[in-house]
Amino acid sequence: MARNHLISLADIPDADLYRIVDRGARFASGAWSDETLHGAVVGIYFRATSTRTRTAFSSAALRLGARLITYGPHDLQVNTGETTADTGRVLGGMLDALVARTVGGVEELRALASQDRMAVVNAMAAQEHPTQALTDLTAMAGHFGDLAGRRVLYMGEGNNTAAALALALPRYPGTELHLRTPRRYALDPEILMRAEDLAARHGSTITEQHDTAGMPAGLDVVYTTRWQTTGTTKDSPDWRKEFVPFRVDETVMEASPDAVFMHDLPAHRGDEVTAAVLDGPRSIAFTQAEAKMHSAAAVLEWSLGVLP
C-alpha cells in the first residue's frame, strides 16, 4: 500500500481533495466497500477529548476491515522523553496508519510523519482541523450535490475549523466564504493569505470582517463552532462580550431563508447558537456529524493508497 499523510489541507492537491469528498459522499449514500482496508492496522492516538472524530475513524476503519490499536494521552513513551520522530519511526514499523489528535502544533504531526512506512492523519492540531473541513464538504455535497458556487457564512472564532474550511471550500469554483470573526480572534493571517491565493486560482472569493455590518443574504450555509474550542484559551476574562454579536440566531437565518445551518459540535446552546436554530428544521448539524464517519473512511482509503 502507498502512504499519504494528511497533515494540512495546504499539502493536498485539488484532485485528491475532490476525490476524498466525492468518496465520502458515496459512503454517505450507503455505498460502503467490501473491506478495502482488510489486513491494515490503524492506530488511534488521542491526547484530547473527542466524541465524533475518534469514533468516526474507529468505526470507519472497522467497517472497512482494518484492525485498531488505541492509545490514550499517557500511553506512549513521548511522555518519558522519547522524541516524536523516534516514536513515529517505531510505530511506522508496526502500523499502517496513525490517526492522531495532539492539540499541539502541526510540527509534531510532521515529526510523526517523517518516516515513510506509516500514514499519519491529523485529527486536529492547534492550527488546523483538516478532517473537519473534509467532513463539512462531504455533508454539503450530500445535501446540495454540486458544491460549485455555494455561498457560506462562518461566524465566530477563526479557529482550526475555520482555518481548514478556508483551505478547502475556495477550491470549488465560484464559491464564497464570508468569515465574520471577533477582531482579536481572527483567522491566522498566513492561513487567510493561502486561502485568498486558492480563491484567486479557482474563481472563488473569501472575505473576513470583524463586525456584523452588512451581513450577506441569500446564503446556502450558515456555520458556527463553539466559542471555547478544544485546546484553546482566551486571554481576557471578558472575552464572551466580544463573541455575543457573532451568535447565530433566528434573525441571522431569516436573512437567508434557503440556508441550512451547520456546526461541528459539540454545541453550547445559548452561546454561539440558539436552541431554536440548532434544533430547528434547517439544521443539518447532526447529519454533518454522521458524515464525519463517511469522510473518515475516504481519508483512510486515500491515506493507504486504495481510494478508487
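Below, each value reflects all heavy atoms present in this structure, side chains not excepted, and no hydrogens, waters or symmetry copies.
Within the model, atoms OH of Tyr45 and CG of Leu76 stand 5.0 Å from one another, a figure rounded to the nearest 0.5 Å. Here the straight-line distance linking atom CD of Gln132 with atom CG of Leu137 works out to 10.0 Å at 0.5 Å rounding. Here the CE atom belonging to Met155 is positioned 10.0 Å from the CZ atom belonging to Arg247, to the nearest 0.5 angstrom. Rounding to the nearest 0.5 Å places CD1 of Ile20 at 8.0 Å from CG of Leu9. The distance from the CZ atom of Arg3 to the CG atom of Leu304 is 5.5 Å, given to the nearest 0.5 Å. Atom CG in Leu153 sits 5.5 Å away from atom CG in Leu219 (nearest 0.5 Å).
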List, one per line, each side-chain donor-acceptor pair under 3.5 Å for residues 22-30, sequence neighbours excluded.
| unit_1 | atom_1 | unit_2 | atom_2 | d |
| --- | --- | --- | --- | --- |
| Arg23 | NE | Glu301 | OE1 | 2.7 |
| Arg23 | NH2 | Ser33 | OG | 2.4 |
| Arg23 | NH2 | Glu301 | OE1 | 3.3 |
| Arg23 | NH2 | Glu301 | OE2 | 3.1 |
| Ser29 | OG | Arg26 | O | 2.6 |

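Listed by first and then second residue, the ring-ring contact (aromatic ring centres under 6.0 Å, His included) pairs that reach into residues 114-157 are Tyr154-Tyr223, sequence neighbours excluded. Applying the salt bridge (charged side-chain N to carboxylate O under 4.0 Å, His left out) test to pairs two or more places apart or on separate chains, none has a residue in residues 59-88. The stretch residues 172-204 participates, sequence neighbours left out, in these ring-ring contact (aromatic ring centres under 6.0 Å, His included) pairs: Tyr18-Tyr172, Tyr185-Phe243. Pairs of residues two or more places apart, or lying in two chains, never qualify as ring-ring contact (aromatic ring centres under 6.0 Å, His included) while including a residue from residues 57-113. The salt bridge (charged side-chain N to carboxylate O under 4.0 Å, His left out) contacts involving residues 125-151 comprise Arg150-Asp220, Arg151-Glu176, where partners must be two or more places apart or lie in separate chains.
By the side-chain contact (heavy atoms from CB on, under 4.5 Å) test, Ser295 pairs with Leu134, Thr135, Thr138, Val299, sequence neighbours left out. Applying the side-chain contact (heavy atoms from CB on, under 4.5 Å) rule to His210 yields the partners Thr181, Arg183, Ala186, Glu208; only residues at least two apart in sequence or on another chain are considered. Remark: Thr70 engages Ile44, Arg54 in a side-chain contact (heavy atoms from CB on, under 4.5 Å) (not counting sequence neighbours). Partners of Arg117 by side-chain contact (heavy atoms from CB on, under 4.5 Å), not counting sequence neighbours, listed by chain and number: Gln115. When the side chain to side chain donor-acceptor pair (under 3.5 Å) test is applied to Glu107, no partner is found at least two apart in sequence or on another chain.
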Criterion side chain to side chain contact (heavy atoms under 4.5 Å, CB included) on Phe46 and Thr102, from CA distance to verdict: CA-CA 6 Å; Phe46 276 61; Thr102 65; over 6 Å; no
Working note: Gln77 + Thr80, criterion side chain to side chain donor-acceptor pair (under 3.5 Å); need CA distance, chi angles, decisive distance, verdict. CA-CA 5 Å; Gln77 295 288 8; Thr80 63; 2.7 Å; yes
Check step by step if side chain to side chain donor-acceptor pair (under 3.5 Å) holds for Asp264 and Thr161. CA-CA 8 Å; Asp264 60 356; Thr161 290; 2.9 Å; yes
Would you sort out whether Val42 and Leu95 count as a side chain to side chain contact (heavy atoms under 4.5 Å, CB included), showing the intermediate values? CA-CA 6 Å; Val42 176; Leu95 300 176; over 6 Å; no
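The two residues Ala162 and Leu187 have their closest heavy-atom pair at C-CD1, 3.9 Å. For Glu272 against Pro266, the heavy-atom pair with the smallest separation is OE2-O, 4.3 Å.
A donor-acceptor pair is defined here as one N or O able to donate and one able to accept, closer than 3.5 Å; such a pair exists between the side chain of Ser114 and the backbone of Ala111. Of the possible donor and acceptor atoms, none in the side chain of Asn159 sits under 3.5 Å from a partner among the backbone N and O of Gln228. Listed for the Thr274 side chain is no donor-acceptor partner under 3.5 Å among the backbone atoms of Gly270. At least one donor-acceptor pair closer than 3.5 Å links the side chain of Asp188 to the backbone N or O of Ile191. Arg101 places a side-chain N or O within 3.5 Å of a backbone atom of Ala123 that can act as its donor or acceptor partner. When atom types are taken as modelled, the side chain of Arg19 and the backbone of Leu307 share a donor-acceptor pair closer than 3.5 angstrom. With hydrogens and angles ignored, the 3.5 Å screen pairs no side-chain donor or acceptor of Ser283 with any backbone N or O of Asp279. A side-chain donor-acceptor contact under 3.5 Å links His5 to the backbone of Ala113.
Only one option out of Leu165, Thr205, Thr207 pairs with Leu177 in a side chain to side chain contact (heavy atoms under 4.5 Å, CB included); it is Leu165. Residue Glu157 forms a salt bridge (Lys or Arg N to Asp or Glu O under 4.0 Å) with just one option from Lys234, Arg184, Arg180, and that option is Lys234. For the salt bridge (Lys or Arg N to Asp or Glu O under 4.0 Å) test with Arg171, the passing option among Asp16, Asp14, Asp197 is Asp14; the others fail. A side chain to side chain contact (heavy atoms under 4.5 Å, CB included) with Val152 is found for exactly one of Leu179, Thr175, Val221, Ile206, namely Val221.
Side-chain contact between Val106 and Asn122 is present, with at least one heavy-atom pair separated by less than 4.5 Å. In this structure, the side chains of Asp271 and Arg226 stay at 4.5 Å or more apart for every pair of heavy atoms.
Cluster membership check: Val21 shares its hydrophobic cluster with Leu167, using side-chain heavy-atom separations under 4.5 Å among Ile, Leu, Val, Met, Phe, Trp and Tyr. In terms of hydrophobic clustering, with Ile, Leu, Val, Met, Phe, Trp and Tyr side chains grouped at heavy-atom distances under 4.5 Å, Val121 and Leu37 are assigned to a common cluster.
Side-chain N/O atoms of Lys292 and Thr53 include a donor and acceptor closer than 3.5 Å.
Connectivity analysis of hydrophobic side chains (ILVMFWY, heavy atoms under 4.5 Å, direct or indirect) links Val90 to Met94.
Taking 4.0 Å as the cut-off between side-chain N and carboxylate O, Glu196 and Arg201 do not count as a salt-bridged pair.
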